[in-house]
Q: 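First, the structure itself, so that you have it in front of you.
Below, each value reflects all heavy atoms present in this structure, side chains not excepted, and no hydrogens, waters or symmetry copies.
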Amino acid sequence: ICDGSCNNIVLEVFDVDDSKQAERLFVEINKAEPVKTIDLPGNAPPGVKKAIDQAVEDLRARYSEMFKVSSKCKPPHVHQDTLREDLFE
């Protein structure tokens, strides 16, 4: 993350003891999914976020077979967080 002028950058350094540990860390980091805009602090007004979260939960409860764990699922299936993000945008 950088400030408005991009003069300050947050960086995290991991100490590893061997190449196997580095490989595991690389895989773990690259499997991570980015944080959705709706979940970033200050982006979604609390009332809007709450309404979207409740609507998606209601849909998931009613149509659970349509929701998949993978964010790369194919239609007609949906991913909960991706749907929340799409509704927010």
Side-chain angles (χ1 to χ4, degrees):
I1 303 173
C2 65
D3 65 12
S5 61
C6 289
N7 290 326
N8 297 312
I9 298 174
V10 176
L11 176 69
E12 187 169 0
V13 177
F14 297 90
D15 288 323
V16 294
D17 297 323
D18 56 40
S19 62
K20 201 67 172 163
Q21 191 178 18
E23 181 181 328
R24 283 192 302 270
L25 179 61
F26 177 82
V27 169
E28 180 182 338
I29 290 170
N30 285 290
K31 281 185 177 179
E33 291 191 26
V35 175
K36 302 292 186 186
T37 305
I38 190 172
D39 294 322
L40 291 172
N43 277 349
V48 171
K49 184 176 183 318
K50 185 176 179 180
I52 290 173
D53 289 348
Q54 187 62 55
V56 172
E57 272 304 313
D58 291 348
L59 287 169
R60 185 175 184 163
R62 187 167 182 176
Y63 304 105
S64 60
E65 66 280 357
M66 298 304 292
F67 284 80
K68 298 298 178 186
V69 176
S70 171
S71 62
K72 295 177 173 43
C73 60
K74 302 207 189 273
H77 299 101
V78 294
H79 178 255
Q80 182 173 341
D81 289 338
T82 303
L83 177 58
R84 289 173 55 251
E85 182 75 1
D86 289 345
L87 291 171
F88 176 64
E89 292 176 349

Q: Which pairs with one or both residues in residues 44-62 pass side chain to side chain donor-acceptor pair (under 3.5 Å), sequence neighbours excluded?
A: Lys49-Asp53, Asp53-Arg84, Gln54-Asp58, Glu57-Gln80, Arg60-Gln80

Q: Residues two or more places apart in sequence or in another chain: which of them pass side chain to side chain contact (heavy atoms under 4.5 Å, CB included) with Val35?
A: Asp39, Leu40

Q: Would you mind listing the cluster partners of Ile52? Hydrophobic ones only (ILVMFWY), side-chain contacts under 4.5 Å, chaining allowed.
A: Ile38, Val48, Val56, Leu59, Tyr63, Met66, Phe67, Val78, Leu83, Leu87, Phe88

Q: Taking ILVMFWY side chains as joined if any heavy atoms are under 4.5 angstrom apart, and letting links pass through other members, which residues group with Leu11?
A: Val13

Q: Under the side chain to side chain donor-acceptor pair (under 3.5 Å) definition, can you give me all pairs with a residue in residues 14-38, not counting sequence neighbours?
A: Thr37-Glu85

Q: Check His77, Lys74, His79 against Lys68 for a side chain to side chain contact (heavy atoms under 4.5 Å, CB included) and give me the one that passes.
A: His77

